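See below for the structure under consideration.
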Amino acid sequence: MRVLQPVRGTHDILPEEFRLHRLIGDTGAMVASRFGFEEISTPIFEFSEVFKRTLGDSSDIVTKEMYSFEDKGGDKITLRPEGTAGVARMLISGGLAQKLPLKYFYRGPMFRYERPQKGRYRQFHQLGAELLGVSEPQADIEMIALGALVLEALAITANLKLQINTLGNMESRAAYREALIKYFSTYRSSLSVESQMRLDRNPLRILDSKEKEDRSLIENAPEFSLYLDRESQKFFEIVCEGLELLSIEYSVNQRLVRGLDYYSHTAFEFTTDELGAQGTVLAGGRYDGLVEQMGGAKVSGVGWAAGIERLGMLVEKKPEVPRPIAIIPVTHVHNELAILTAYKLRRSGLQIELAYRGNMSKRLKRANRLSACAAIFLGGDEMERGFACVRDLDSGTQMEVPLVSLVDHLGRYRL
RNA sequence: GCGAGCGUAGCUCAGCUGGUUAGAGCACCGGAUUGUGAUUCCGGGGGUCGUGGGUUCAAGUCCCAUCGCUCGCCCCA
């Protein structure tokens, strides 16, 4: 019985939901193309090492969320938990560093082994964009702008907030990290259990702890801004000015840190309070150290990803069902004519449904349920004269149309 | 991995302090209606009451375990 259920955290995507996914993916691809991004696809699994190296051994994704297995050849394989690592690997293995800068858009399933809840699943879908090979802060501005426009195109604007922060360059970040470790170590025993673990693994994470015993300690923790060198400060200023130029509203959140180790400089998150505990809708940042860390050349990168399921819960206007035209043979002797007519009309590009069961009333009802926009009745005396009855199902008006000019007459129902 | 709530038809649910053969609405299928969407009427298919064990003369109902779902923690899209 158990095998007849989908694996925990996975779902079948039926047409209604699939239309929504497609709308979101297509909208993302379309908006990204205006920025010059082209759609790509990388494998949904990689050698586990690809993710281990890029995500950092200390990240939660690697320590407990990777969906991993060994294949028949004994290779350790992991279903991708996110998209950037695969793109970085592609850059290296495809020798694409010769062709920088590169702008890639992708969409597809991602996998994380964790307890499902609202807006979080073991197999979920993301769309994302990566801009590789541009070290200037203009790239950060463009990527945030792209994210904002994708959300705007999906009409996801209510209760949406953009938060940004800077993690500085590698040197600044390392210096701040040291300072944080030093500071929190002094008060180690006062920290929450979770934060004590963070102190060893990912001290920056303590800053956005929700535990109340951490609060006052966080209040008095050293400010990141004090550890930013001039280059890092300048970089962040340019990003902020760019957002202001574009009238993209944002707030700086010094507590905003990324869970993944390879980020530097800009980190940003579009959040909503409409999804319960999962507020993050679209998030990303700069990852200048990633490609090099994987063993490639030093290549700058800025990217973001958005969860399609989460976006779907925020899209107000659901995509419409495509409306077919129904062909209804009046009696079964007209079945052959019906199937032939359907074939011809489909060849001309129309969406046709054939009704071959039940009486007229039943067939019309079924056409109605399929939200058909029109019905074509084939049979009777008008057919012998070479005509078909075409009924507009919205207005209820009906007229006789010569069979030979059906295609022309139905042109009005073309999308 | 941890915590809480919930599992009865495809969906929403009823089923009393345990007591005949487990019900309703919606949906679906057929008929009234062999050339027209509504309404109405009649009929029909559908359930191992999540699963397993226990208590009992008797369990959908009580107890235990287990699986699943949902929400939250951690973390993240």
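In this text the structure is predicted, and so the values were computed from the model without any measurement. Reminder, nothing fancy here: chain letters follow the sequence lines and each chain counts from 1.
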Options [options], nucleotide nearest the side-chain atoms of [X]:
X: A/Glu382; options: B/G35, B/G37, B/C76; value: B/G35
X: A/Phe124; options: B/G35, B/A77, B/G37; value: B/A77
X: A/Arg115; options: B/G3, B/A77, B/U33; value: B/G3
X: A/Gln117; options: B/C76, B/C71, B/G35; value: B/C71

Would you say the base of [N] and the side-chain of [X] have a donor-acceptor pair closer than 3.5 Å?
X: A/Arg369; N: B/G37; result: no
X: A/Gln398; N: B/G37; result: no
X: A/Arg120; N: B/A77; result: no
X: A/Glu114; N: B/A77; result: yes
X: A/Arg310; N: B/C76; result: yes

Regarding [X], tell me which of base, sugar-phosphate or nothing describes its non-hydrogen contacts under 4.0 Å with the strands shown.
X: A/Glu269; answer: nothing
X: A/Gly279; answer: nothing
X: A/Arg8; answer: sugar-phosphate
X: A/Tyr113; answer: nothing
X: A/Gly379; answer: base
X: A/Leu393; answer: base

Roughly how many Å apart are [M] and [N], using the [atom1] atom of each and rounding to a whole number?
N: B/G18; M: B/C28; atom1: P; value: 39 Å
N: B/U51; M: B/C11; atom1: C1'; value: 23 Å
N: B/C63; M: B/U70; atom1: C1'; value: 25 Å
N: B/C62; M: B/G19; atom1: P; value: 11 Å
N: B/U33; M: B/A27; atom1: P; value: 23 Å
N: B/A14; M: B/U61; atom1: C1'; value: 13 Å
N: B/U48; M: B/G53; atom1: C1'; value: 16 Å
N: B/G30; M: B/G15; atom1: C1'; value: 30 Å

Close side-chain approach of A/Leu311 and A/Leu151, heavy atoms under 4.5 Å: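 The answer is yes, as the side chains (C-beta and beyond) meet within the 4.5 Å cut-off.
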With a 4.5 Å heavy-atom cut-off, do A/Val239 and A/His265 have their side chains touching?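 Not touching, per the 4.5 Å side-chain cut-off.
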Between A/Gln163 and A/Thr271, do the side chains contain an N or O donor and an N or O acceptor separated by less than 3.5 Å?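 Result is no, nothing qualifies.
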Does either side chain, that of A/Asn169 or that of A/Ser232, offer a donor lying less than 3.5 Å from an acceptor on the other one?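 Side chains of A/Asn169 and A/Ser232: pair found under 3.5 Å.
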Take the protein atom [atom1] of [X] and the nucleotide atom [atom2] of [N], then report the distance between them rounded to whole Å.
X: A/Asn335; N: B/U34; atom1: CG; atom2: C1'; answer: 14 Å
X: A/His334; N: B/U36; atom1: NE2; atom2: P; answer: 14 Å
X: A/Arg323; N: B/G37; atom1: CZ; atom2: C1'; answer: 13 Å
X: A/Ile376; N: B/G37; atom1: CD1; atom2: P; answer: 18 Å
X: A/Ile44; N: B/A77; atom1: CD1; atom2: P; answer: 19 Å
X: A/Lys362; N: B/G30; atom1: NZ; atom2: P; answer: 6 Å
X: A/Phe268; N: B/A77; atom1: CZ; atom2: C1'; answer: 12 Å
X: A/Met313; N: B/U70; atom1: CE; atom2: P; answer: 11 Å

Applying side-chain hydrogen bond (donor to acceptor under 3.5 Å, both in side chains) to A/Asn159 and A/Thr272, what does each step give before you reach the verdict? CA-CA 6 Å; A/Asn159 297 317; A/Thr272 178; 5.5 Å; no
For the [atom1] atom on [X], are there more than 12 heavy atoms of other groups (residues, nucleotides or ligands in this structure) within a distance under 6.0 Å?
X: A/Lys318; atom1: NZ; value: yes
X: A/Ile339; atom1: CD1; value: no
X: A/Glu336; atom1: CD; value: no

Would you call the rings of A/Tyr287 and A/Tyr263 parallel, tilted or perpendicular if under 30° counts as parallel and over 60° as perpendicular? perpendicular
Requiring both pairing distances under 3.5 angstrom, list the stems that contain RNA chain B and are made of three or more consecutive Watson-Crick or G-U pairs. B:1-7 with B:67-73, B:10-13 with B:23-26, B:28-32 with B:40-44, B:50-54 with B:62-66
Residue whose nearest RNA chain B nucleotide is more 5′ - A/Phe270 or A/Cys389: A/Cys389
Lys/Arg-Asp/Glu bridge criterion (N-O < 4.0 Å) met for A/Asp26, A/Arg19: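 No, A/Asp26 and A/Arg19 are not salt-bridged.
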Within the stacking criterion (centroid distance below 5.5 Å, interplanar angle below 30°), does A/Phe377 stack on B/G35? no
